[in-house]
S.K.: 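Submitted below is the structure of interest, expressed as structure tokens.
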There are 2 protein chains.
Amino acid sequence: MRLFANRGFHETSMSEVAREAHVSKALIFWHFKTKEELFVAVLNRLLEPYFIDFAEEAGVLDERAQIKKLVEFYLSFVRDNASSVRFFLAQMLHDQHFSEGLNEQVLKLYSGYRSMLVELIARARQKGLCNVRFSPEAAAGFLLSALNGILIEHLFVANNPLDPDAAVAMVSEWLFGEENSSDGGKAVA
Amino acid sequence: MRLFANRGFHETSMSEVAREAHVSKALIFWHFKTKEELFVAVLNRLLEPYFIDFAEEAGVLDERAQIKKLVEFYLSFVRDNASSVRFFLAQMLHDQHFSEGLNEQVLKLYSGYRSMLVELIARARQKGLCNVRFSPEAAAGFLLSALNGILIEHLFVANNPLDPDAAVAMVSEWLFGEENSSDGGKAVA
DNA sequence: GTTACGATTGACCGACAGGTTAGCGAGGAC
DNA sequence: GTCCTCGCTAACCTGTCGGTCAATCGTAAC
């Protein structure tokens, strides 16, 4: 996992994997038919932390708090798993047809997250908590774009702290009209 | 260029390059000392279209129009050069220390774009054209995040048209309070 | 104690990688 | 005509790649 994640598929040789794992190369080929098979196994293992049960975390929170928690969760996850996120991003960008299965899973995750957002925003608007003019779908899409933008800025601009709280504050302001004392915009920039 | 851009560094062999170029492999090694040297030459060639002179395009437009043009330009470029953008993104994500020179150049481009945005927003605010509350830096940062978010959605979600006009409309609304008839949010979502 | 079987190994294979080298052929200088 | 250089190539070199295979080890069943 470490080798594949740090150096990618083509730059990692089975001999290296065997050496680092302190087993013979032949043993790996006994457990996994091909290098690709091992790689997709690694992909799936690396993908596991991405599947979390948000329902249990939601609990008795109201929609506004749930949305904020969802956003905060997204950004904290990216912050804490930056290298993994970077790896998957690079993998999907590069071998888009080699890793079709991965693409599929990630897209499922992503659309799951989006639909949660859409539903939450819709309910919030119904309750009058949310004063944004767009449709829930458009608002969620816009929100996701912003989150992804923050994500890639974090990955590329080296010394970027990625402060989830500040971002959540901005989102709150935009979505709920909540004013907050701190300078919300600065962190995103 | 085609081989490296489509398949990446490690998946492209010098023999293939030679075959596609209808020359001998040795000739390539006569012109370029190593495979890496050829690759960075290719990178620089592929990067050329990214350097454009925006000043000439700005002309006599006011700040509001310039900002809109800048945003529209960014998105149109991404739309028209999607595969190139994808390649560079993947390259920078993957070999972040191998392609340090590339990283540097791209970052320079990026910060140049950002500072143009910052300055334009600052001037627009001075003239009272822009009613956004944030500092110009924060506004530009937020805007760039949104643009990057749209970019990666376009790259990953397959059938995503990336309509620059709709995005520009959204930006206008956010930045200048311009209302427009079309449903702006839909395209971004 | 023998058998059976899954786990494990070192030695090995053909293919191909990046890179080198000896030399060929055309053309300008003299 | 001879020489020299430049652009170019076929053939080759060495190392490593993904993958195979016959043989061995450990252990549980009988």
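Just so we're clear, the structure is a prediction, and the values are computed from it rather than from any experiment. Below, read A as the first sequence line, B as the second, and so on, with proteins coming before strands; counting in each chain starts at 1. Below, each value reflects all heavy atoms present in this structure, side chains not excepted, and no hydrogens, waters or symmetry copies.
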S.K.: Would you mind reading off the distance between F39(A) atom CZ and dG18(D) atom C1', rounded to a whole angstrom?
M.R.: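 These atoms are roughly 15 Å apart.
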
S.K.: dG18(D) C1' sits how many Å from F32(A) CZ, rounded?
M.R.: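 Value for this atom pair: 16 Å.
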
S.K.: Could you tell me whether R123(A) and E119(A) have a side-chain N and a carboxylate O separated by less than 4.0 Å?
M.R.: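 Result for this pair is yes, salt bridge flagged.
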
S.K.: Provide the closest heavy-atom pair for A140(A) versus L117(A) in the form atom of the first, atom of the second, distance.
M.R.: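 In terms of heavy atoms, the two residues are closest at CB-CB, 4.1 Å.
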
S.K.: Any chance the rings of F77(B) and Y50(B) have centres within less than 6.0 Å?
M.R.: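 Close enough - the centres of the two rings lie under 6.0 Å apart.
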
S.K.: Can you tell me how the ring of F4(B) sits relative to the ring of F9(B), calling it parallel under 30°, perpendicular over 60° and tilted otherwise?
M.R.: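 F4(B) and F9(B): parallel rings.
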
S.K.: Below 3.5 Å between N/O atoms, which protein atoms pair up with nucleotides 10-17 of chain D? Just atom names and distances, please.
M.R.:
| unit_1 | atom_1 | unit_2 | atom_2 | d |
| --- | --- | --- | --- | --- |
| dC17(D) | OP1 | S13(A) | OG | 3.3 |

S.K.: Could you give the angle between the helix axes at the two ends of the helix from dG1(C)-dC30(D) to dC30(C)-dG1(D), with five pairs per end, rounded to 10 degrees?
M.R.: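 End axes: 20° apart.
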
S.K.: Given dG7(D), dG19(D), dT9(C), which nucleotide is nearest the side-chain atoms of L27(A)?
M.R.: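 Nucleotide nearest to L27(A)'s side chain: dT9(C).
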
S.K.: Identify the two heavy atoms, one from S84(B) and one from L46(B), that lie closest to each other, and give their separation to 0.1 Å.
M.R.: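 Of all heavy-atom pairs spanning S84(B) and L46(B), the closest is OG-O, 4.4 Å.
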
S.K.: Determine yes or no for a side-chain-to-main-chain donor-acceptor pair under 3.5 angstrom, with K35(A) supplying the side chain and T12(A) the backbone.
M.R.: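 Such a contact is found between K35(A) side chain and T12(A) backbone.
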
S.K.: Round to a whole Å and report the spacing from CZ of R19(B) to P of dT9(D).
M.R.: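 Taking atom P of dT9(D) as the reference, CZ of R19(B) is at 15 Å.
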
S.K.: To the nearest Å, give me how far apart CD1 (I28(B)) and C1' (dT20(C)) are.
M.R.: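 Distance check: I28(B) CD1 to dT20(C) C1' gives 15 Å.
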
S.K.: Listed by chain and number, what are the salt bridge (Lys or Arg N to Asp or Glu O under 4.0 Å) partners of E36(A), not counting sequence neighbours?
M.R.: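 Per chain and number, E36(A) pairs via salt bridge (Lys or Arg N to Asp or Glu O under 4.0 Å) with no residue.
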
S.K.: Find the distance W30(A):CH2 to dA11(C):C1' and express it as a whole number of Å.
M.R.: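 Taking CH2 of W30(A) and C1' of dA11(C), I get 20 Å after rounding.
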
S.K.: Is the phosphate of dA17(C), meaning OP1 or OP2, less than 4.0 Å from a side-chain N or O of H10(B)?
M.R.: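 For dA17(C), OP1/OP2 do not have a side-chain N/O of H10(B) under 4.0 Å.
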
S.K.: Taking only Lys NZ, Arg NE, NH1 and NH2, and the carboxylate oxygens of Asp or Glu, determine whether E63(A) and K69(A) approach each other closer than 4.0 Å.
M.R.: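 Result for this pair is no, no salt bridge flagged.
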
S.K.: Write down the distance between CZ (F29(B)) and P (dG7(D)), rounded to a whole number of angstrom.
M.R.: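 In whole Å, dG7(D) P lies 18 Å from F29(B) CZ.
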
S.K.: Is R114(B) salt-bridged to E137(B), cutoff N-O under 4.0 Å?
M.R.: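 No, this pair does not count.
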
